[in-house]
Amino acid sequence: MRVGLGYDVHRLVEGRDLILGGVKIPYEKGLLGHSDADVIVHAIMDALLGAAALGDIGQHFPDTDPRYEGISSIELLRQVGKLLEEHNYVIENIDATIIAQRPKMMPHLPRMRKNVAEALGIEENQVSIKATTEEGLGFTGSGEGISAQAICLLLPLMDLVSNDVMTSGCCGGCGR
């Protein structure tokens, strides 16, 4: 099994939509970034790429590339999912946390989970997205920005195949 950890942070500014987990959240500010600046999806992508030792989102989707300007992070997450499949990894679970003083995230969390699960082709019960505040402390507490953290567990496909052979009591070569 492989564990990955992801972190992202973006500044809140006027004149941008606030997109988190692929959900447009009504708020007077949005996150500043080259793409849609979806910090929770960015943290999840970095956790997944890190677990697979495939670099980070900056390597795969550089902010100097005009193709990614304004792009939906959910679309980038789909591409990360395909990359994991190509390298024979299976996602066991994702646990992520949004850190923001405002706005309240609770009403939007179920849709975020659904969007992430759909983008990766996994079940919703494999994705946990939570939110917390920092009790008015730091840049997230003062409303200057939003950050996110994510951790994931990947299983190399070969581990699953090896485990199936060992639990079946057969090497697979005898035809039973």
Side-chain angles (χ1 to χ4, degrees), residues 1-12 16 18-25 30-65 67-101 105-106 108-134 138-141 144-157 159:
M1 77 181 87
R2 312 273 306 241
V3 176
L5 179 66
Y7 174 80
D8 195 35
V9 60
H10 285 275
R11 178 181 304 277
L12 281 164
R16 296 243 335 172
L18 179 59
I19 309 292
L20 292 168
V23 177
K24 184 177 175 183
I25 298 172
L31 294 169
L32 181 62
H34 187 67
S35 66
D36 62 7
D38 188 333
V39 292
I40 192 67
V41 173
H42 292 184
I44 290 169
M45 288 191 293
D46 266 345
L48 294 167
L49 290 167
L54 294 173
D56 62 25
I57 60 174
Q59 287 176 264
H60 293 275
F61 315 110
D63 63 6
T64 55
D65 190 329
R67 291 180 298 168
Y68 304 119
E69 188 170 353
I71 195 168
S72 164
S73 295
I74 290 291
E75 177 54 37
L76 299 178
L77 182 62
R78 281 188 191 94
Q79 292 180 39
V80 168
K82 289 177 186 172
L83 188 61
L84 293 175
E85 283 180 31
E86 290 169 12
H87 285 85
N88 297 311
Y89 286 105
V90 175
I91 300 168
E92 180 66 25
N93 77 304
I94 297 166
D95 185 21
T97 304
I98 300 166
I99 302 142
Q101 197 66 34
M105 300 292 162
M106 186 66 72
H108 310 288
L109 297 177
R111 182 67 197 163
M112 291 180 201
R113 287 181 62 215
K114 181 178 174 76
N115 289 346
V116 168
E118 285 178 355
L120 293 169
I122 61 177
E123 299 297 319
E124 282 183 59
N125 67 6
Q126 292 175 272
V127 179
S128 171
I129 299 178
K130 310 171 296 295
T132 190
T133 69
E134 289 196 303
F139 70 92
T140 59
E144 294 175 61
I146 295 177
S147 66
Q149 300 175 2
I151 191 165
C152 71
L153 178 66
L154 298 183
L155 299 174
L157 196 52
D159 286 1

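We're numbering straight along the sequence, starting at 1.
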Return the minimal non-hydrogen interatomic distance between C152 and A51, and the atom names on each side.
-> SG-CB, 3.8 Å
What distance do H60 atom NE2 and L83 atom CG have between them, rounded to the nearest 0.5 Å?
-> 5.5 Å
Would you tell me whether D63 and H34 have side-chain atoms, one donor and one acceptor, within less than 3.5 Å of each other?
-> no
What distance separates Q101 CD from I146 CD1, expressed to the nearest 0.5 Å?
-> 10.5 Å
Derivation of the side chain to side chain contact (heavy atoms under 4.5 Å, CB included) call for Q126 and L120 | CA-CA 10 Å; Q126 292 175 272; L120 293 169; over 6 Å; no
Rounded to the nearest 0.5 Å, what's the gap from NE2 on H87 to CG on L154? Could you check?
-> 12.0 Å
Measure the shortest side-chain to side-chain distance between L76 and V41 over non-hydrogen atoms and say whether it is less than 4.5 angstrom.
-> no
Only counting residues at least two apart or in another chain, list the ones meeting side-chain hydrogen bond (donor to acceptor under 3.5 Å, both in side chains) with E134.
-> T140
Could you list all the salt bridge (charged side-chain N to carboxylate O under 4.0 Å, His left out) pairs where at least one residue sits in residues 76-86, not counting sequence neighbours?
-> E75-R78
To the nearest 0.5 Å, how far apart are CD1 in I91 and CD1 in I44?
-> 9.5 Å
Working for side chain to side chain contact (heavy atoms under 4.5 Å, CB included), residues I122 and V127 | CA-CA 8 Å; I122 61 177; V127 179; 3.6 Å; yes
Hits for side chain to side chain contact (heavy atoms under 4.5 Å, CB included) against P110, two or more places apart or cross-chain, chain-then-number order -> none
Can you establish whether the number of heavy atoms outside E123 located under 6.0 Å from its atom CD is more than 12?
-> no
Mark yes or no for whether N115, through its side chain, and G21, through its backbone, hold a donor-acceptor pair below 3.5 Å.
-> yes
Can V39 and I99 be said to form a side chain to side chain contact (heavy atoms under 4.5 Å, CB included), step by step?
-> CA-CA 10 Å; V39 292; I99 302 142; over 6 Å; no
Taken in chain and number order and not counting sequence neighbours, the residues that satisfy ring-ring contact (aromatic ring centres under 6.0 Å, His included) with Y89 are none
ring-ring contact (aromatic ring centres under 6.0 Å, His included) with H108: which residues, sequence neighbours excluded?
-> none
If you look only at pairs with a residue in residues 111-131, which of them pass as a ring-ring contact (aromatic ring centres under 6.0 Å, His included), with sequence neighbours excluded?
-> none
Set of side-chain hydrogen bond (donor to acceptor under 3.5 Å, both in side chains) partners for E69, sequence neighbours left out = none
Within residues 108-117 or reaching into it, pairs that qualify as salt bridge (charged side-chain N to carboxylate O under 4.0 Å, His left out) - sequence neighbours excluded | K114-E118
Looking only at heavy atoms, what is the nearest atom pair of S73 and S35, with distance?
-> OG-OG, 3.7 Å
Can you list the residues that meet the side chain to side chain contact (heavy atoms under 4.5 Å, CB included) rule with A37, with sequence neighbours excluded?
-> H10, R16, L31
Salt bridge (charged side-chain N to carboxylate O under 4.0 Å, His left out) pairs, two or more places apart, involving residues 31-59 = none
Tightest non-hydrogen contact, residues I74 and G22, listed as CG1-CA, 3.6 Å
For D95, the side chain to side chain contact (heavy atoms under 4.5 Å, CB included) test, sequence neighbours excluded, returns S128, K130, I151
Nearest heavy-atom pair of I57 and M45: which atoms, and what distance?
-> CG2-CB, 3.4 Å
Between CZ of F61 and CG of L49, what distance do you get to the nearest 0.5 Å?
-> 7.0 Å
In chain order, what residues pass the side chain to side chain contact (heavy atoms under 4.5 Å, CB included) check against V9, with sequence neighbours excluded?
-> Y7, F139, S147
Distance in Å, E124 CD paired with I129 CD1, rounded so as to fall on 0.5 Å steps = 10.0 Å
Just wondering, do I94 and L48 contact through their side chains at under 4.5 Å, heavy atoms?
-> yes
